[in-house]
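Whatever order the structure lists ligands and atoms in, that order sets their numbers, starting from 1.
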Amino acid sequence: MSTAKVALVTGGNRGMGLETCRALAALDFQVLLGSRDLDAGIEAAATIGGDRVEPVKLDLGNPADIDAVAQVIASNFGQLDVLINNAGIMIDGEGGHSSAIVDADIDVIERTLRVNTLAPIMLINALLPLMARVDDARIVNISSGMGQLCDMDGGNPGYRLSKVALNAVTRIYAAELDPARYRVNAVCPGWVRTDMGGADADRSLAEGIDTAIWLATAAEASGSGGFYRDRKPIDW
Ligand SMILES: NC(=O)c1ccc[n+]([C@@H]2O[C@H](COP(=O)([O-])OP(=O)(O)OC[C@H]3O[C@@H](n4cnc5c(N)ncnc54)[C@H](OP(=O)(O)O)[C@@H]3O)[C@@H](O)[C@H]2O)c1
């Protein structure tokens with residue numbers, strides 16, 4: 001077994017997930033790059049190179065994938081130090097509906113909640129036995145300012161609800177898990193140039209992942225149960 005710390009990143013095949021895998025590998029983590037499509041994951045891992053990044057098939061809509069990833073980590077590494085719940089979708093407005101809540105498509109909201117909120121719960125629960133084997137486990141949930149109740153606006157109800165709920169998930173785990181052994185935090189990356197954020201976004205990938213990497217790795221970073229942007233706590 002390797003002595004490196006082990007990290008799993010969901011949605012690791014593109015956008016901020018891929019950049020997060022790259023950054024963790026550079027910090028000498030053994031990185032499991034979760035990808036809904038394994039070929040896309042293999043291709044993405046090849047852009048990083050070296051032997052620190054291993055693609056794993058992880059479709060968050062498929063509970064069997066979640067169990068299989070937990071098995072792979074258990075047998076290959078025996079522990080998990082860091083889980084980054086990065087994968088996310090913003091699909092409000094699909095199917096001809098506007099993205100206003102007054103025109104909401106409940107199916108779209110439900111699909112969004114499954115990927116953005118419920119899958120992280122399933123994944124955390126499947127991986128907790130492996131995180132119990134390390135002294136300083138970190139769970140970082142990639143949330144959004146669009147899930148901030150203190151700054152709630154109209155539109156994108158599925159996405160907004162999913163991130164409000166992911167923030168609540170963060171607080172619930174932080175309350176249930178011993179903060180001396182597990183740090184569970186949420187982060188808003190800001191508006192970042194990815195497929196989701198678009199080309200006009202004001203932040204680079206490096207800027208977008210900075211706080212998540214800090215929460216996942218820095219010795220002094222944070223307590224548990226916070227919501228962060230730019231390495232500082234922000235209001236829920
Ligand atoms: N970009 C921004 O401005 C911004 C702002 C605030 C918060 N965020 C959050 O930051 C995170 C990363 O966003 P991003 O901008 O990097 O997004 P992105 O470029 O659209 O990438 C999304 C990633 O999630 C994966 N994914 C989607 N559905 C999945 C599923 N069912 N199972 C497994 N993986 C799935 C995608 O995989 P496929 O390639 O297979 O689709 C892709 O790897 C998200 O949680 C997002 O909500 C982004």
Side-chain angles (χ1 to χ4, degrees), residues 8-23 31-45 47-48 53 55-69 83-92 94 99 108 110-123 126 139-148 151 153 155-167 169-170 185-213 215-216 227-230 234:
L8 170 64
V9 180
T10 68
N13 57 294
R14 61 187 168 99
M16 279 187 269
L18 177 56
E19 192 68 9
T20 301
C21 291
R22 195 186 308 281
V31 182
L32 283 303
L33 180 159
S35 181
R36 165 160 58 171
D37 175 72
L38 184 58
D39 288 339
I42 292 170
E43 220 171 280
T47 69
I48 300 174
V53 181
V56 284
K57 181 176 171 345
L58 182 51
D59 179 347
L60 293 173
N62 184 358
D65 279 6
I66 292 177
D67 291 343
V69 164
L83 169 63
I84 313 260
N85 281 310
N86 163 80
I89 54 174
M90 181 159 64
I91 56 173
D92 296 288
E94 264 193 359
S99 84
V108 164
E110 196 173 311
R111 279 164 50 208
T112 307
L113 286 168
R114 286 198 175 280
V115 175
N116 293 7
T117 317
L118 304 181
I121 298 175
M122 293 166 69
L123 196 56
I139 298 171
V140 181
N141 295 325
I142 309 301
S143 181
S144 166
M146 289 174 73
Q148 259 181 309
D151 191 30
D153 203 349
N156 295 99
Y159 188 76
R160 288 184 187 282
L161 285 168
S162 75
K163 296 300 190 182
V164 170
L166 184 63
N167 287 351
V169 164
T170 304
N185 289 293
V187 56
C188 165
W191 186 26
V192 183
R193 290 186 291 279
T194 63
D195 293 338
M196 184 186 287
D200 293 337
D202 58 6
R203 292 191 177 202
S204 66
L205 286 174
E207 290 168 323
I209 68 162
D210 174 74
T211 300
I213 295 294
L215 287 168
F227 188 18
Y228 289 83
R229 184 190 293 129
D230 297 331
I234 57 172

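Residue Trp191 has at least one heavy-atom neighbour below 4.0 Å for each of these atoms of ligand 1: 3 (O). Under a 4.0 Å criterion applied to the non-hydrogen atoms of Gly15, ligand 1 contributes the atoms 16 (O), 19 (O). Within the listing of ligand 1, atoms 6 (C), 7 (C) sit less than 4.0 angstrom from a heavy atom of Ser144. Ligand-side atoms of ligand 1 in range of Asp195: 19 (O), range being under 4.0 angstrom from any heavy atom.
Given atom 37 (O) of ligand 1, the protein heavy atom at minimum distance is Asn13 OD1, 3.6 Å. What sits closest to atom 13 (O) of ligand 1 on the protein, heavy atoms only, is Met16 CE, 3.9 Å. Looking only at protein heavy atoms, the nearest one to atom 47 (O) of ligand 1 is Tyr159 OH, 2.6 Å. Considering only non-hydrogen protein atoms, atom 22 (C) of ligand 1 sits nearest to Gly88 O, 3.7 Å. Among protein heavy atoms, atom 18 (P) of ligand 1 sits closest to Arg14 NH1, 3.6 Å. At the top of the distance list for atom 3 (O) of ligand 1, counting protein heavy atoms only, stands Val192 N, 2.8 Å. Of the protein's heavy atoms, Leu58 O, 3.3 Å lies nearest to atom 33 (C) of ligand 1. Atom 40 (O) of ligand 1 has Arg36 NE, 2.9 Å as its closest protein atom, hydrogens excluded (heavy atom only).
Of the candidates Ala87, Gly198, Gly197, Ala119, the one placing a heavy atom closest to atom 34 (N) of ligand 1 is Ala87. Between the choices Ile142, Thr194, Thr112, the shortest heavy-atom distance to atom 1 (N) of ligand 1 belongs to Thr194.
For the pair Met16 and Pro189, the minimum side-chain heavy-atom distance is below 4.5 Å. Residues Val69 and Leu8 meet the side-chain proximity criterion, which asks for heavy atoms closer than 4.5 Å.
The backbone N or O of Ser162 lies less than 3.5 Å from a partner atom in the side chain of Thr117, making a donor-acceptor pair. A donor-acceptor pair under 3.5 Å is absent between the side-chain atoms of Asn86 and the main chain of Ile142, judged by distance alone. With Thr10 contributing its side chain and Ala87 its backbone, the two residues share a donor-acceptor pair below 3.5 Å. For the pair Asn141 (side chain) and Asn85 (backbone), a donor-acceptor distance under 3.5 Å is absent.
With a 4.0 Å cut-off on non-hydrogen atoms, Pro189 touches ligand 1 through its side chain and not its backbone. Contact annotation: for Asn86 versus ligand 1, heavy atoms closer than 4.0 Å belong to both the backbone and the side chain. The side chain of Lys163, and not its backbone, has at least one atom closer than 4.0 Å to an atom of ligand 1 (non-hydrogen atoms only; side chain from C-beta on).
Taking Ala119 as the reference, Leu60 meet the side-chain contact (heavy atoms from CB on, under 4.5 Å) condition, with sequence neighbours excluded.
Residue Gly12 has no N or O atom closer than 3.5 Å to an N or O atom of ligand 1.
Separating the CD1 atom in Ile91 from the CG atom in Asn116 is a distance of 8.5 Å, to the nearest 0.5 Å.
No donor-acceptor contact under 3.5 angstrom links the side chains of Asp59 and Asn62, judged on distance only.
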* **Trace of the salt bridge (charged side-chain N to carboxylate O under 4.0 Å, His left out) decision for Arg203 with Asp210** => CA-CA 11 Å; Arg203 292 191 177 202; Asp210 174 74; over 6 Å; no

* Under the side chain to side chain contact (heavy atoms under 4.5 Å, CB included) rule, what do Arg160 and Asp92 come out as? Steps first, then yes or no, please. => CA-CA 10 Å; Arg160 288 184 187 282; Asp92 296 288; over 6 Å; no

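The closest approach between a heavy atom of Ile89 and any atom of ligand 1 is below 4.0 Å. Proximity of Ser143 to ligand 1 is established by a heavy-atom distance of less than 4.0 Å. Residue-ligand proximity: Gly190 is placed with a non-hydrogen atom under 4.0 Å from ligand 1.
The salt bridge (Lys or Arg N to Asp or Glu O under 4.0 Å) contacts involving residues 31-45 comprise nothing, where partners must be two or more places apart or lie in separate chains.
Residue Arg229 places its CZ atom among more than 12 non-hydrogen atoms of other residues, nucleotides or ligands, all under 6.0 Å distant.
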